[in-house]
Amino acid sequence: MWDVGELWESCSKQLRDQVSVSTWMAFFDTLAADSVDDDCLVLTTPSSQVRDKLERNYRGLIEGAIEDVAGKPLGVTLVLRSPEKGRDSN
């Protein structure tokens with residue numbers, strides 16, 4: 001099993017190299033890792049607009065980075081972060 005923070009940090013580094021700075025800042029920088037199990041990494045985002053844009057345009061890129069880092073395919077679930085739960089709460 002992976003440490004969720006370490007897994008997402010490694011994935012983030014890979015993703016930063018694959019998107020523009022403006023795309024990173026607008027969509028990816030707000031993501032936070034919530035949990036991981038044998039099948040799925042759960043990421044949280046503060047807004048439905050960001051979640052929807054990532055789902056539509058970047059899901060494959062995110063899943064590819066997760067597979068590269070984890071060494072096997074994992075699903076990704078994007079959920080809205082509750083207002084009281086900050087990015088660094090893990």
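For the pair Val69 and Lys13, the minimum side-chain heavy-atom distance is 4.5 Å or more. A 4.5 Å side-chain heavy-atom check between Asp34 and Val4 finds every atom pair outside the cut-off. Side chains of Asn57 and Phe27 form no contact here, defined as non-hydrogen atoms less than 4.5 Å apart. Proximity of Leu15 to Trp8: side-chain heavy atoms (C-beta onward) are separated by under 4.5 Å at one or more points.
Tracing side-chain contacts under 4.5 Å through hydrophobic residues (I, L, V, M, F, W, Y), one never reaches Val42 starting from Ile62; they form parts of separate clusters. Connection of Ile66 to Val79 is not established within any shared hydrophobic cluster, with ILVMFWY side chains joined at heavy-atom distances below 4.5 Å, either directly or through further cluster members. Leu80 and Val76 are members of different hydrophobic clusters when ILVMFWY side chains are connected at heavy-atom separations under 4.5 Å.
Scanning both residues, Gln14 and Asp68, for their nearest heavy atoms gives NE2-OD2, 2.6 Å. When all heavy atoms of Asp38 and Lys72 are compared, the pair lying nearest together is O-NZ, 2.9 Å. Residues Ala26 and Val50 approach most closely at O-CG2, 3.9 Å, considering heavy atoms. Of all non-hydrogen atoms in Ala33 and Leu43, the two that sit nearest each other are CA-CD2, 3.8 Å.
Here the CG atom belonging to Asp17 is positioned 11.0 Å from the OG atom belonging to Ser12, to the nearest 0.5 angstrom. Distance CD/Glu63 to SG/Cys11: 11.0 Å, rounded to 0.5 Å. With values rounded to the nearest 0.5 angstrom, Leu31 atom CG is found 7.5 Å from Arg81 atom CZ. Distance check: Thr23 OG1 to Lys53 NZ gives 7.5 Å after rounding to the nearest 0.5 Å. One finds the CG atom of Leu41 at 9.0 Å from the CG atom of Leu78 (value rounded to the nearest 0.5 Å).
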